[in-house]
Amino acid sequence: MWLYLLKRIALAIAIIAIAVTLLFVMIREVPGDPAAVLLGPRATPEMKAELHQQMGLDKPLVVQIATFFDGLLRGDLGFDVFSRRPVADIVFEQLPYTIELILVSILWAVVIAVPLGCYSAIRRNSVVDQVVGVLAVATIAIPSFVMAVYALLIFAVTLRWLPAIGVGNGFWDGLSYLILPAFAIGVGWVGYISRLVRASMLEILGENHIRMARSFGISEWRIVARYALPLAILPTVTILGVGIGWLLSSAVFIEVVFARPGIGALIVNAVNTRNYPIVMGIVLVTTFLIVAATTLSDVVNAFLDPRTREKL
């Protein structure tokens, strides 16, 4: 298990290094001059050249990449072009809001979807199974930002049950502001996870060790919870690890729609103003989150099913 874990960590570090390098090159190729945005239309060529020198944009691309990784190893992500504050401080001020939104969204989706998937597998082709199937397909097909707009119009504007924008003050007030954004992101995952659990559960319930458990007179729900679910949940764990990127991209739109703080609104503003240090800081953090979530899902799968440790 420890050897498997070390291999996954080494692979994660390599993926982060390659991804950050590629994204660094892509960001530098985006049209637009950050010096022109920062200094305004009246900036002289001399002023632009001086700012380019301060930002390191006058150096070759290879040197810029090496300088960035050197600062990264020392925990230095650079400084914001406008405020001159450390990029790490700005990013990590906004990151907790995004992580909170993602965790709450996926938590309530899993809590609802896993029992629905199990029940649909046990009561296959029942009315409940068919209704859950139709609703699952419908929720999966609706993009999260469309769901966010309609949820905002119905529950915040028309019915006025929930607040529309912001994050509130305090735990309970903040929770009320979190309901609609978390609903908009998580509702599609309810359908997706429930269908995935149902398909996996149907396959597991047909295996020999499940038939043997039934022959001993063990109750169906105990068979599901004790013997079938730990194996049927493996694809869901993998999808959740891989899906962190989709969750982060959804959070970008949701934070804009509900005017919530977070890295979504931060990166939109940074891209519009060509604020390279902020963009690279956010890209680095999100890449790390995606790779860490994928690695964690692989480790959890290896813990639940030791056979997967031999695949790396």
Side-chain angles (χ1 to χ4, degrees), residues 1 4-5 7-8 11-12 102-142 144 182-183 185-248 250 289-312:
M1 183 65 183
Y4 176 84
L5 184 59
K7 290 181 178 179
R8 290 299 297 133
L11 181 61
I102 290 175
L103 289 179
V104 172
S105 301
I106 203 63
L107 180 62
W108 81 264
V110 169
V111 169
I112 294 177
V114 171
L116 279 179
C118 293
Y119 187 85
S120 297
I122 296 174
R123 300 289 186 266
R124 184 180 180 182
N125 296 327
S126 65
V127 175
V128 174
D129 182 28
Q130 295 175 2
V131 171
V132 170
V134 172
L135 292 178
V137 174
T139 55
I140 294 171
I142 301 176
S144 58
F183 170 79
I185 294 178
V187 66
W189 282 89
V190 173
Y192 191 58
I193 294 174
S194 65
R195 292 291 90 187
L196 187 60
V197 171
R198 177 186 182 275
S200 300
M201 186 66 69
L202 287 175
E203 181 179 355
I204 299 298
L205 290 176
E207 293 187 356
N208 292 331
H209 70 283
I210 299 297
R211 296 193 184 99
M212 182 177 294
R214 288 197 183 105
S215 67
F216 282 105
I218 301 175
S219 66
E220 190 70 15
W221 282 108
R222 185 179 179 185
I223 292 175
V224 169
R226 179 66 179 84
Y227 302 104
L229 186 58
L231 295 177
I233 204 69
L234 293 178
T236 302
V237 174
T238 302
I239 290 299
L240 290 178
V242 176
I244 187 67
W246 184 87
L247 288 167
L248 286 169
S250 299
L289 289 176
I290 293 171
V291 174
T294 305
T295 302
L296 181 61
S297 68
D298 289 343
V299 172
V300 171
N301 278 340
F303 178 78
L304 294 175
D305 186 2
R307 294 172 298 178
T308 60
R309 304 174 195 173
E310 303 175 359
K311 296 180 181 180
L312 183 63

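Note that the structure is a prediction, hence the values are computed from the model and not measured.
Ile239 meets the side chain to side chain contact (heavy atoms under 4.5 Å, CB included) test with Trp189, Tyr192, Leu196; sequence neighbours excluded. In this structure, the side chain to side chain donor-acceptor pair (under 3.5 Å) partners of Arg211, at least two apart in sequence or on a different chain, are Asn208. With sequence neighbours left out, the side chain to side chain contact (heavy atoms under 4.5 Å, CB included) criterion links Val137 to no other residue.
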Cut-off 3.5 Å, no hydrogens considered: what does the side-chain donor-acceptor table look like for residues 110-118, sequence neighbours left out?
none

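The side-chain contact (heavy atoms from CB on, under 4.5 Å) test with Ser194 is passed by exactly one of Thr236, Ile140, Val132, Thr139: Val132.
Ile290 CD1 to Leu247 CG: the interatomic distance, rounded to the nearest 0.5 Å, is 10.0 Å.
Considering only heavy atoms from C-beta on, Ile185 stays 4.5 Å or farther from Ile102 through its side chain.
Among pairs with a residue in residues 106-125, none fulfils side-chain hydrogen bond (donor to acceptor under 3.5 Å, both in side chains), at least two apart in sequence or across chains. Every pair passing salt bridge (charged side-chain N to carboxylate O under 4.0 Å, His left out) that includes a residue from residues 187-197 is listed here, sequence neighbours excluded: Asp129-Arg195.
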